[in-house]
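Remarks on the structure that follows.
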Amino acid sequence: MLLQNKQVAILGAGPVGLTMAKLLQQEGIAVRVYERDQDAQARIWGGTLDLHKESGQKALQKARLLETYFARATPIGRTIADHQGTVLFTKEPAPENPEINRNDLRTLLLASLPIDTVVWDRKWTGLEERNGRWQLHFENQTTATADVVIVANGGMSQARSYITDAAVENTGTFIIQGEVANPQVNCPEFYRLCNDTILMTAYNGNMLVANPSNNGVLTYNVVFSQPAEWGEPDTLTFQNTAGIKSFLSSRFAAWDELYKHLFNSTSAFWGCRQESCRWKSPGNRLVCCP
């Protein structure tokens with residue numbers, strides 16, 4: 001086997017990195033996962049994940065974790081509503097594609113690995129080839145050595161530059177994520193509109209997707225094209241929750257009050273630009289990186 005008697009380093013303890021570690025360890029391969037989070041208790045922000053049958057579920061089945069995934073995941077339907085809060089369409093939950101909280105998925109995967117598999121508090125900063133092996137450098141001045149490095153620390157990883165000259169570009173899309181604790185109390189009207197499903201609404205260049213049951217909180221994403229006047233850097237300060245609430249209420253001025261109540265009930269916000277990269281293939285054709 002190609003990796004027999006080799007030390008493998010994986011950058012990133014997300015679903016891909018941890019699943020890869022599990023699959024390699026099943027084959028008797030030595031693996032270490034390096035993760036920038038402080039420890040296993042660090043919270044992962046974001047919506048729930050649904051692992052599809054021909055991709056994520058197939059990987060978990062090979063890792064002998066599919067039954068555990070189904071035991072922890074929950075099927076959830078979809079509701080399409082308009083900007084005035086009128087339900088246009090509903091879809092029943094799909095038992096074959098249940099959703100799981102990101103933190104629950106990490107816990108599930110970590111529990112399947114030897115406790116020393118993941119090395120925490122290791123923010124990767126660079127690679128250096130030495131005597132036919134790779135030396136990994138981390139932000140806290142520590143290093144590690146491996147024969148093979150697998151990059152699983154996100155699509156924007158700087159490690160991409162070691163294998164391609166792909167150029168990152170801004171797609172013009174911006175995402176604001178919000179979180180509401182105790183939504184039954186803090187935004188009851190919007191919570192009822194969700195009706196235990198993922199709610200999706202779009203109007204006049206703004207899209208909102210909300211999950212009312214993400215480990216006891218309601219999480220939602222607002223997606224829109226970044227205003228041209230923002231320039232670089234972006235003008236929103238996410239530590240200023242009052243400012244974000246005001247921005248969203250203004251942007252959604254034509255929407256029903258229940259959406260504005262959702263924004264005003266939000267305890268914390270995060271934001272990011274949606275970016276992609278591209279490169280010229282041997283055929284001089286532009287293609288997208290996964």
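- Side-chain atoms of Y34 never come within 3.5 Å of backbone atoms of A144 as a donor-acceptor pair (strictly under, hydrogens ignored).
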Should I44 and R106 be marked as a side-chain contact (heavy atoms from CB on, under 4.5 Å) after you check the CA-CA gap, both sets of side-chain angles, and the distance that decides it? CA-CA 9 Å; I44 306 170; R106 174 184 268 185; 3.5 Å; yes

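- Rounding to the nearest 0.5 Å places CG of L66 at 12.0 Å from NZ of K58.
- For the atom pair CZ (R72) and CD (E67), the distance works out to 13.5 Å, reported to the nearest 0.5 Å.
- One N or O on the side chain of K245 and one on the backbone of T266 form a donor-acceptor pair closer than 3.5 Å.
- Linking Ile, Leu, Val, Met, Phe, Trp and Tyr residues whenever their side-chain heavy atoms come within less than 4.5 Å leaves V16 and I29 in two separate clusters.
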Under the side-chain contact (heavy atoms from CB on, under 4.5 Å) rule, what do D116 and R32 come out as? Steps first, then yes or no, please. CA-CA 8 Å; D116 61 347; R32 282 287 182 276; 3.7 Å; yes

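- Using cut-offs of 30° and 60° for the angle between ring planes, the F247 and F224 rings count as tilted.
- Following chains of ILVMFWY side-chain contacts shorter than 4.5 Å, one can reach M200 starting from F89, so the two form part of one hydrophobic cluster.
- Once rounded to the nearest 0.5 Å, the distance linking CZ of R192 with CG of L258 reads 9.5 Å.
- Expressed to the nearest 0.5 Å, how far CZ of R36 lies from CG of L11 amounts to 12.0 Å.
- Under a 4.0 Å N-O distance rule, the pair R43/D37 does not qualify as a salt bridge.
- What you find for A254 and Y203 is that their closest heavy atoms are CB-CE2, 4.2 Å.
- Environment of CZ in R251: crowded, with over 12 heavy atoms of neighbouring residues, nucleotides or ligands closer than 6.0 Å.
- Side chain of Q84 to backbone of T86: no donor-acceptor contact under 3.5 angstrom is found.
- Using a distance-only test at 3.5 Å, with no hydrogens or angles considered, no donor-acceptor pair links the side chain of Q177 to the main chain of W270.
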Should L193 and T79 be marked as a side-chain contact (heavy atoms from CB on, under 4.5 Å) after you check the CA-CA gap, both sets of side-chain angles, and the distance that decides it? CA-CA 9 Å; L193 179 63; T79 294; 5.5 Å; no

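- Surrounding CD of E129 are more than 12 heavy atoms belonging to other residues, nucleotides or ligands, all under 6.0 Å away.
- Within the 4.5 Å cutoff, the side chain of I244 has heavy atoms near those of the F238 side chain.
- The main-chain N or O of S246 is never found under 3.5 Å from a side-chain atom of S249 such that the two would form a donor-acceptor pair.
- Checked by atom type and distance alone, the side chain of S112 pairs as donor or acceptor with a backbone atom of L109 at under 3.5 Å.
- Nearest heavy-atom pair, G47 versus T219, reported as atom, atom and distance to 0.1 Å: CA-OG1, 4.2 Å.
- When all heavy atoms are compared, the tightest approach of C187 to S265 is CB-OG, 3.9 Å.
- Heavy atoms only, all atoms of each residue included: V118 and E35 are closest at CG1-CB, 4.2 Å.
- Hydrophobic clustering, with ILVMFWY side chains joined whenever heavy atoms are under 4.5 angstrom apart, keeps M20 apart from V149.
- Proximity of D196 to Y191: side-chain heavy atoms (C-beta onward) are separated by under 4.5 Å at one or more points.
- At least one donor-acceptor pair under 3.5 Å links the side chain of H261 to the backbone N or O of N186.
- Under a 3.5 Å cut-off, the side chain of N211 and the backbone N or O of I198 do not form any donor-acceptor pair.
- Within 6.0 Å of atom CD in Q158, 12 or fewer heavy atoms from other residues, nucleotides or ligands are found, so the atom counts as exposed in its surroundings.
- A heavy-atom distance below 4.5 Å is found between the side chains of T117 and Q25.
- A chain of hydrophobic side-chain contacts below 4.5 Å, direct or via other Ile, Leu, Val, Met, Phe, Trp or Tyr residues, connects L208 to V87.
- Looking at heavy atoms from C-beta onward, L49 lies in side-chain contact with P15 at the 4.5 angstrom threshold.
- Within the 4.5 Å cutoff, side-chain heavy atoms of K62 are placed close to those of L23.
- Residues T142 and N140 have side chains that bring a donor and an acceptor to within less than 3.5 angstrom of each other.
- In summary, E257 and K260 engage in a salt bridge, as defined by a charged side-chain N under 4.0 Å from a carboxylate O.
- Judged by distance alone, the side chain of D39 and the main-chain N or O of W120 form no donor-acceptor pair under 3.5 Å.
- Considering every non-hydrogen atom in both P212 and P183, the closest pair reads O-CG, 4.1 Å.
- A distance of 7.0 Å separates CG of L108 from CG of L60, quoted to the nearest 0.5 Å.
- Using the six-membered ring where Trp is involved, Y220 and F263 have ring planes that are tilted, between 30° and 60° apart.
- Within 6.0 Å of the CG atom in L88, the count of heavy atoms belonging to other residues, nucleotides or ligands exceeds 12.
- Following chains of ILVMFWY side-chain contacts shorter than 4.5 Å, one cannot reach I10 starting from V119, and the two form parts of different hydrophobic clusters.
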Go through F190 and V180 one step at a time and tell me if the side-chain contact (heavy atoms from CB on, under 4.5 Å) criterion holds. CA-CA 11 Å; F190 183 85; V180 180; over 6 Å; no

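- Put simply, the side chain of T197 gets close to the backbone of C194: a donor and an acceptor are under 3.5 Å apart.
- By the neighbour-count criterion of 12 heavy atoms within 6.0 Å, atom CZ of R133 is densely surrounded, having more than that number from other residues, nucleotides or ligands.
- Residues A81 and L199 approach most closely at CB-CD1, 3.8 Å, considering heavy atoms.
- T48 is not listed as a side-chain neighbour of I100, based on a closest heavy-atom distance of 4.5 Å or more.
- Comment: E99 engages R78 in a salt bridge, judged by a side-chain N to carboxylate O separation of less than 4.0 angstrom.
- Distance check: Y259 OH to T201 OG1 gives 3.5 Å after rounding to the nearest 0.5 Å.
- Contact check for L113 versus V33: no side-chain heavy atoms found under the 4.5 Å cut-off.
- Counting heavy atoms from C-beta on, the side chains of W124 and V151 never come closer than 4.5 Å.
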